Chemist: 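One structure, pasted below without further comment.
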Amino acid sequence: MTRRILVLISGNGSNLQALIDASRANPSTLEASIIHVISNKKAAYGLKRAANAGIPSTYHNLLAYKNKNPNNPQEAREAYDADLAKLILAQTPDLVVCAGWMHILSPTALDPLEEAGVDIINLHPALPGQFDGANAIERAYEEFQRGEITKTGIMIHYVIAAVDKGTPIIVREIEMIKGESLGDLENRMHVVEHVEIVNGTRIALEERERSKQASE
Ligand SMILES: Nc1nc2c(c(=O)[nH]1)N[C@@H](CN(C=O)c1ccc(C(=O)N[C@@H](CCC(=O)O)C(=O)O)cc1)CN2
Ligand SMILES: NCC(=O)N[C@@H]1O[C@H](COP(=O)([O-])[O-])[C@@H](O)[C@H]1O
């Protein structure tokens, strides 16, 4: 049975592209099919990448929920997340991959997926516990400029409610270079990301299969 991956994006989608390319390489380096892409940003170039690859996609618009419930942003967010979980489960994925997905998932999104036995993994451009949250690369670069750190990295981790605190699957350290521009650091990190998001996805799928076999 071909393993089914659903990918969540918010922007350029270069990591989505890495997953697409790996799953379609001959021989494939990722034995799985990307069945659907969901973006929380309408202008995400990753939606065009999905279309170019013939992969169905959905734009899930948080603003529409906030406009329907202007006086309670938390309630709007939870309704958005609950519908996001329904959108995801309707595609019956084996795994969800956050690939530049810039929205914090609340338990109203995470709980239905956990109940359905669908794992979520995330690519985060920092080492465990180093720069949790958004803008991690920029924050690392600023600390390096201040002489506070000498290295950063990327990790692929399971997603739990606590942001970027889930169990790491892959951790890769990246040495920082004196005099290097932020753009050059970002480019070096993206090269590593594009390799490790494929490896992390493969490992998560394998771990899921082992866990299913053990429970049978
Ligand atoms: N519950 C979890 N949700 C998410 C996780 C996670 O580990 N647990 N990982 C993130 C990805 N991420 C870092 O890797 C991350 C992305 C975005 C943010 C954030 O502050 N988002 C803001 C909106 C920012 C924007 O729209 O530009 C927000 O959601 O309010 C933090 C961490 C994916 N989600
Ligand atoms: N907190 C999550 C986060 O910061 N993710 C980062 O967003 C970029 C997405 O690029 P892409 O859209 O080209 O894949 C990547 O650098 C990824 O590490």
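Atoms within a ligand are numbered from 1 in the order they appear, just like the ligands themselves. This one's a predicted model, so the numbers in the text were calculated from it and none came from an experiment.
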Chemist: Can you confirm whether or not the ring centre of F131 sits under 6.0 Å from the ring centre of H124?
Modeler: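 F131 vs H124: aromatic centres not under 6.0 Å.
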Chemist: Spell out, as yes or no, whether a donor-acceptor pair under 3.5 Å connects the side chain of R139 to the backbone of A134.
Modeler: yes
Chemist: Look at the side chain of R202 and the backbone N and O of T29, then say whether any donor-acceptor pair between them is shorter than 3.5 Å.
Modeler: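 Yes, the answer is positive, given that a donor and an acceptor are paired below the 3.5 Å cut-off.
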Chemist: Return the closest protein heavy atom for atom 7 (O) of ligand 1 as residue, atom name and distance.
Modeler: D164 N, 2.7 Å
Chemist: Would K165 count as a polar contact of ligand 1, with the cut-off being nitrogen or oxygen pairs under 3.5 Å?
Modeler: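 For ligand 1, there is no N or O atom that lies under 3.5 Å from one belonging to K165.
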Chemist: Salt bridge between E180 and R188, side-chain N to carboxylate O under 4.0 Å?
Modeler: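 Here E180 pairs with R188 in a salt bridge, since their nearest N and O are under 4.0 Å apart.
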Chemist: Checking contacts here: is it the side chain or the backbone of M155 that comes within 4.0 Å of ligand 1, counting heavy atoms only? Could be both or neither.
Modeler: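 Neither part.
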Chemist: Test your reading of the structure: does H103 have an N or O sitting under 3.5 Å from an N or O of ligand 1?
Modeler: yes
Chemist: Evaluate side chain to side chain donor-acceptor pair (under 3.5 Å) for N61 paired with Y59, printing each intermediate quantity in order.
Modeler: CA-CA 6 Å; N61 175 12; Y59 162 49; 3.1 Å; yes
Chemist: Would you say ligand 1 has an N or O under 3.5 Å from any N or O of L105?
Modeler: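 In this structure, L105 places an N or O atom under 3.5 Å from an N or O of ligand 1.
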Chemist: Measure the distance from atom 29 (O) of ligand 1 to every protein heavy atom, then report the residue, atom name and distance (to 0.1 Å) of the closest one.
Modeler: R77 NH2, 2.6 Å
Chemist: Examine ligand 1 and decide if any of its atoms is less than 4.0 Å from a heavy atom belonging to G133.
Modeler: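 In this structure, G133 qualifies as a contact of ligand 1 - some heavy atom is under 4.0 Å.
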Chemist: Which pairs of N or O atoms, one from ligand 2 and one from the protein, are separated by less than 3.5 Å, and what is the distance for each pair?
Modeler:
unit_1	atom_1	unit_2	atom_2	d
ligand 2	1 (N)	H124	ND1	3.4
ligand 2	12 (O)	N12	N	3.4
ligand 2	12 (O)	G13	N	2.8
ligand 2	13 (O)	N12	ND2	3.4
ligand 2	13 (O)	G13	N	3.4
ligand 2	13 (O)	S14	N	2.8
ligand 2	13 (O)	S14	OG	2.6
ligand 2	14 (O)	S14	N	3.4
ligand 2	14 (O)	N15	N	3.0
ligand 2	14 (O)	N15	ND2	2.8
ligand 2	16 (O)	H190	ND1	3.4
ligand 2	16 (O)	E193	OE1	3.1
ligand 2	16 (O)	E193	OE2	3.0
ligand 2	18 (O)	E193	OE2	2.5

Chemist: How close does the nearest protein non-hydrogen atom get to atom 26 (O) of ligand 1, and which residue and atom is it?
Modeler: M102 O, 3.6 Å
Chemist: Using a strict 4.0 Å cut-off to heavy atoms of W101, name the atoms of ligand 1 that fall inside it.
Modeler: 11 (C), 16 (C), 33 (C)
Chemist: Any donor-acceptor pair under 3.5 Å linking the side chain of Y80 with the backbone of H60?
Modeler: yes
Chemist: Going by heavy atoms, is H157 under 4.0 Å from ligand 1?
Modeler: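 So H157 counts as touching ligand 1.
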Chemist: Just distances here: any N/O of S106 and N/O of ligand 1 closer than 3.5 Å?
Modeler: no
Chemist: May I ask whether L8 has any heavy atom positioned less than 4.0 angstrom from an atom of ligand 1?
Modeler: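 Contact check L8 vs ligand 1: negative.
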Chemist: May I ask you to decide if the ring planes of H103 and W101 are parallel, tilted or perpendicular, using 30° and 60° as cut-offs?
Modeler: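 Aromatic pair H103/W101 classed perpendicular.
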Chemist: Purely on distance, is any nitrogen or oxygen of L110 under 3.5 Å from one on ligand 1?
Modeler: no
Chemist: Return yes or no for this condition: an N or O of C98 is under 3.5 Å from an N or O of ligand 1.
Modeler: no
Chemist: Atom 8 (N) of ligand 1: which protein heavy atom is closest, and how many Å away?
Modeler: I160 O, 2.8 Å
Chemist: Determine, stepwise, if the pair S28 / E31 fulfils side chain to side chain donor-acceptor pair (under 3.5 Å).
Modeler: CA-CA 6 Å; S28 77; E31 297 289 335; 2.9 Å; yes
Chemist: Return a yes/no value for I104: is any of its N or O atoms, backbone included, closer than 3.5 angstrom to an N or O of ligand 1?
Modeler: yes
Chemist: Take Q74 and E78, measure what side chain to side chain donor-acceptor pair (under 3.5 Å) needs, and give me the verdict at the end.
Modeler: CA-CA 6 Å; Q74 184 55 28; E78 287 178 357; 3.1 Å; yes
